[in-house]
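Step one of this worksheet: look at the structure below.
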Amino acid sequence: MSTVTSGQSERTVAGWDRVSALLLHTERLLQLVENDDPATCDRSVDLELIRQLCGSVAEMREALVDREGQLARVTERSEALARAQADAIVHSAEIIDELERTKQSLSDARAAAEQAAQDTQRLADTVFEQTHDGVLVFHNHTCVACNDNSLDLLNSTRDDVIGRWPVSFTRAKLDTGASAETLLRQICTPGYAEEARSLEVRLQPVETHEFWAEVTATEFRMKDVGHVLLVVRDITARKKFEVELRRHRDFLNNIINAVPDPLSVKAVDRTLVVANDAFCNVLGVTRDEVLGQNADQLLPQHLASHIHSIEDRLLSTGDCSMAEHEIPRADGTTSIVSTKRSVFQDESSGERFIVATSRDITDDRLREDRLRLLASVFNSSTEGVAILSSEGTIREANPAFLSMSWNAEGTVLGRAISEALRFDDRELATALKQVEAGTSWSGKATATDKNRVTRSYWVSLSPSADLEEVSGRIIALVSDITELEATQAKLRRQAMYDNLTGLPNRRFFREHLQRLIEHSPSSSGVTICFLDLDDFKHVNDSAGHSTGDTLLQSVGRRIERVVGPDAFVARFGGDEFAIILTSEQQVLRPLAETLEGLLCAFRESFALGDTDAVVGLSIGVTHFPQHATDVDTLMCNADIAMYAAKAAGKNRIRIFTSDMQDGVNMRHQVQTKLRRALSEGEIGLCYQPKVDAETGQSAGCEALARWRTSSGEYIPPSDFIPVAEQTGLILPLGEVVFQLAAEQACRWFRQGIAPHIAVNVSPHQLRHPRYIEQLDDVLKQTGASADWFELEITEYAMMDDVVHAVSVIETLSARGFRVAIDDFGTGYSSLSYIKSFPIHTLKIDLSFVRDVTHDFQSNAIVRSIVSLGTGLGLTIVAEGVETAEQASVLTEAGVSILQGYYIGKPMSAQQYESWLEEQVGKTWPFVVQ
Ligand code: C2E
Ligand code: CA
Ligand code: CA
């Protein structure tokens, strides 16, 4: 090839040279032609030819150049091709080598892959068969493959399973006991869920065998068809473990909840991980609410931070801690709790926890406070308190007890109570038994104090059921009653004895008589004598009270002396004495002799300081059982007999007779009739006028009770007033009288007659606590005014109880009533005594008026009463004025008002009105013109 290229090139070069020479030659020719005279020859044709020749030559040259270029390129390509061919040849050889190598390695790889596939198959087979689980492959709920384990587990043959839905799966049960088949079928459905699904079921391949299985389904595709691989694992052991674990957990929870005190466990960050029932109850929360919560939030801020700091310390030291807190309870109260805290570390997690147990010590605190209080009461009590064993040994005693039960040989603690206090031996034994049986006992004991003085104690023993600290013990309370006994003895003496004479009083007399009657054999009798001094009043009035007292003391002594020490002598008050003589005493000295001895002894005078006095004795006698068998009747009989003796004249003895009783009976009849008379309105009033002694003008009237029975019988006041006094009927009678008087006063007031009515008041009324109230009621009801009335109170009634009388009279005066002392001069009061009574009027008794004209003494008494009374600013009324002479003497003596038959007899209201009319223009002779 290269030879061809070189020959061509040599020719081209030679051609070129000729062409170029031709061209040069032509061009020179052309130039000559152009520069020589063109006219000489027909040259135009030549020129054209030359030009064409030149053009051809140029084209030829160009074609040649082009040809040359082409040739060069072909040459170049040929050379490149040749080179490429050579390279390709070399490369082909290399490829052939490479191919050989690749072929070899492919064959190696296939051999390895085949080996690996065989290994995988073997491995899969091994896994499939050797796994402990049962493995089954399902397609359309039909088992298409299974391993031997699954057959064992399901207790089936391959024929039982392959191509079927295993029977065991049909009978499978869930935890709850419900059938698990539907769920098993669900997880065996491809596409039911993406991931593997597990189910725990109870399989029962045969009646007698049951086991728990975890069935896990995994989806896979085989030959582009969805399959499910079911792995059945026997988890019976795990299940049992779980049950056991749950049982353990429940057991532990039960224990924790059974702890009666709040118990909680917190993590280090204070998250509550355990809270028992008591804890939840105290805070009023449920476990679900608080578990996992920050425990600090359950408590008030200050408490939470306090506890927090305790726990911080606890976490840093690891010690136990004990603290008391006041916890607000859910019910609004506050509990005091004692909380014990400790820290423990969980071994598996290494986490630390705070365990807190709290005990409500509110009651303990209260009990402690109470015990402290009891202890302080115990120690500071002035009463002796001791705690005894059931056998009566002193276990504990307060200072008061120790000081009472002083023991010369040392402390009484640990000794029998009988060593500290002297009881009646048998009594103490009975007492201890009684207390042991649960009943309290109390009684007396004595002890000698360290000053060797024997003192009396009142001891109460009671079982100590109330205080658990001392249960089974006996509480002894010991009070010193030495002074009390002395006071009681004194009071008893005062209650039973007459202060003045030291003789037994009426009460003692009654009790003694009662005892004698009760214990006296029916054969033996008892004699009761009532003694009343004659004219004692005169001694008292003339010589004064203290002399009267001295006389009474001497009388007592004289009676005792006469009757002897065995007789029972009493003073009833005033000048009344009484004696009891038993039949035995009368054997030694006949009664008549004793009584005569008394009368005889009283004939002798009594020495009363400067003067001597002789007082007589009236004696009433009655016998038990002849006259009566009860104390009241006996005393009443003796009284009747004594009055009979008095009525018969002084210095007499009267023995009770039934005649005397008749008088009493009569009074009884009157009493019965009077009661009826009061309710049936048989009681009326008459009015006795009074006149002013100085002017002769009317000065009001005195209302006097009158009783005319429905049968027309007239009963005089002297018959019924004393009976009413004795029976208490005087109270309703008094009420009726005041009511009638008030009504009459109102009538007169309306008629223009100024009412001034004196009304009699009995001592009983005066003593009655509701007396004032009754007067108020009548005034209110009738509209009468208190200042229309003058209340006449007898001197005797006033002297009965001076203090009370003064207080009632003050109240009456304050109400506006005037108050008069009636029958003045007959009572015991000395004239000077009158000063102490806040009264308005003195009414001189008619006994003095009767004798005023002829008896010097009466006249002197009237004059002294007038002078004393007017000196005290009192109005002096004389009652029982029967004659003009009396009226004149009294007027002359200075008496202010006159009342009596001379002025006017008691008359009806109507008569009184007429009498008033008669007074107009009338001149009484006693009025000094
Ligand atoms: P007295 O209060 O001292 O009443 C005066 C008594 O003397 C009246 O007797 C009267 O009729 C009577 N008398 C009046 N002027 C004379 C006179 O010139 N000469 C005589 N010889 N007697 C005269 P009467 O009415 O029989 O009352 C007797 C006693 O009964 C009264 O004494 C009084 O103590 C009591 N009495 C009468 N009415 C009541 C009454 O309503 N209540 C109370 N508690 N006692 C009454
Ligand atoms: Ca009167
Ligand atoms: Ca009178």
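Count residues from 1 along the sequence. All of these numbers come straight from a predicted model, not from anything done at the bench.
Although no hydrogens or angles enter the test, the distance criterion places no donor-acceptor pair under 3.5 Å between the side chain of Glu743 and the main chain of Leu740. Panel note: side chain His764, backbone Leu731; no donor-acceptor pair is recorded below 3.5 Å. The backbone N or O of Pro625 lies less than 3.5 Å from no partner atom in the side chain of Thr629, so there is not a single donor-acceptor pair. A donor-acceptor pair is defined here as one N or O able to donate and one able to accept, closer than 3.5 Å; such a pair exists between the side chain of His804 and the backbone of Leu766. Counting only distance, with no hydrogens or angles, the side chain of Ser479 and the backbone of Ile481 share no donor-acceptor pair below 3.5 Å. Between the side chain of Glu682 and the backbone N or O of Ser710, at least one donor-acceptor pair lies under 3.5 Å. Looking at Thr870, its side chain never comes within 3.5 Å of a backbone N or O of Gly873 through a donor-acceptor pair. Side-chain atoms of Asn505 come within 3.5 Å of backbone N or O of Ala495 as a donor-acceptor pair.
The salt bridge (charged side-chain N to carboxylate O under 4.0 Å, His left out) test applied to Arg863 returns Glu892, not counting sequence neighbours. In this structure, the salt bridge (charged side-chain N to carboxylate O under 4.0 Å, His left out) partners of Arg510, at least two apart in sequence or on a different chain, are Asp632.
When only modelled atom types and interatomic distance are considered, Gln553 and Asp549 share no side-chain donor-acceptor pair under 3.5 Å. Checked by atom type, the side-chain pair Glu713/Trp707 shows no donor-acceptor distance below 3.5 Å. With hydrogens and angles left out, the side-chain atoms of Gln774 and Gln765 include no donor and acceptor closer than 3.5 Å. Side-chain polar atoms of Asp845 and Ser847 form a donor-acceptor pair below 3.5 angstrom. With hydrogens and angles left out, the side-chain atoms of Asn760 and Glu702 include a donor and acceptor closer than 3.5 Å. Side-chain N/O atoms of Ser908 and Gln911 include a donor and acceptor closer than 3.5 Å.
Rounding to the nearest 0.5 angstrom, the gap separating the CD1 atom in Ile579 from the CD1 atom in Ile528 is 11.5 Å. To the nearest 0.5 Å, atoms CG (Leu898) and OG1 (Thr891) are separated by 4.5 Å. Atom-to-atom distance recorded for Met496:CE and Leu491:CG is 12.0 Å, nearest 0.5 angstrom. In this structure, the separation between CD1 on Ile861 and CZ on Phe824 is 10.5 Å, given to the nearest 0.5 Å. Expressed to the nearest 0.5 Å, how far CG of Asp630 lies from CG of Asn637 amounts to 8.5 Å. The distance from atom OG1 of Thr883 to atom CZ of Arg850, rounded to the nearest 0.5 Å, is 12.5 Å.
Each of Ile757, Val778, Thr782, Val761 was evaluated against Phe738; a single residue qualifies, Val778, per the side chain to side chain contact (heavy atoms under 4.5 Å, CB included) test. Across Ile619, Val555, Val569, Asp575, a single residue satisfies side chain to side chain contact (heavy atoms under 4.5 Å, CB included) together with Leu531, and that is Ile619.
Residues Glu792 and Lys843 are paired through a salt bridge, judged by an N-O separation under 4.0 Å between the basic side chain and the carboxylate. Here Lys646 pairs with Asp532 in a salt bridge; the nearest charged N to carboxylate O distance falls below 4.0 Å. Contact check on Glu518 versus Arg515 returns no salt bridge, with no Lys/Arg side-chain nitrogen under 4.0 Å from an Asp/Glu carboxylate oxygen. Lys922 and Glu917 are not joined by a salt bridge, as no carboxylate oxygen comes within less than 4.0 angstrom of a charged side-chain nitrogen.
Surrounding NE2 of His668 are at most 12 heavy atoms belonging to other residues, nucleotides or ligands under 6.0 Å away. Within a 6.0 Å radius of CD in Gln751, other residues, nucleotides and ligands contribute more than 12 heavy atoms. Atom CD of Glu485 has more than 12 heavy atoms from other residues, nucleotides or ligands within 6.0 Å.
Proximity of the aromatic rings of Phe749 and Trp788 is defined here by a centroid distance below 6.0 angstrom, and this criterion is met. Here Phe572 and Phe530 bring their ring centres to under 6.0 angstrom of each other. Between Tyr687 and Trp915, the ring center distance fails the sub-6.0 Å criterion. Aromatic pair Trp924/Tyr902: ring centres closer than 6.0 Å. Note: Phe508 and Phe568 meet the aromatic proximity criterion, with ring centroids under 6.0 Å apart.
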Practice prompt. Start with the C-alpha gap between Asp787 and Arg815, add the side-chain angles, then the distance that decides, and say whether salt bridge (Lys or Arg N to Asp or Glu O under 4.0 Å) holds.
Written response: CA-CA 8 Å; Asp787 58 12; Arg815 289 265 194 300; over 6 Å; no
Discussion item. Show, in sequence, the C-alpha distance, side-chain angles and deciding distance for Asp777 and Arg770, and conclude whether the side-chain contact (heavy atoms from CB on, under 4.5 Å) test is met.
Written reply: CA-CA 10 Å; Asp777 287 349; Arg770 287 194 60 244; 4.1 Å; yes
Discussion item. Would Phe926 and Gln886 count as a side-chain contact (heavy atoms from CB on, under 4.5 Å) here? Give the steps.
Written reply: CA-CA 9 Å; Phe926 52 83; Gln886 286 168 346; over 6 Å; no
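When every heavy atom of Leu685 is checked against every heavy atom of Ala705, the shortest pair comes out as CD2-CA, 4.0 Å. When all heavy atoms of Asp719 and Val670 are compared, the pair lying nearest together is O-CG1, 4.1 Å. In terms of heavy atoms, Ser618 sits closest to Asp534 at OG-OD1, 2.8 Å.
Here salt bridge (charged side-chain N to carboxylate O under 4.0 Å, His left out) pairs that include residues 498-507, with residues two or more places apart or in two chains, are Asp498-Arg571, Arg506-Glu576, Arg507-Glu511.
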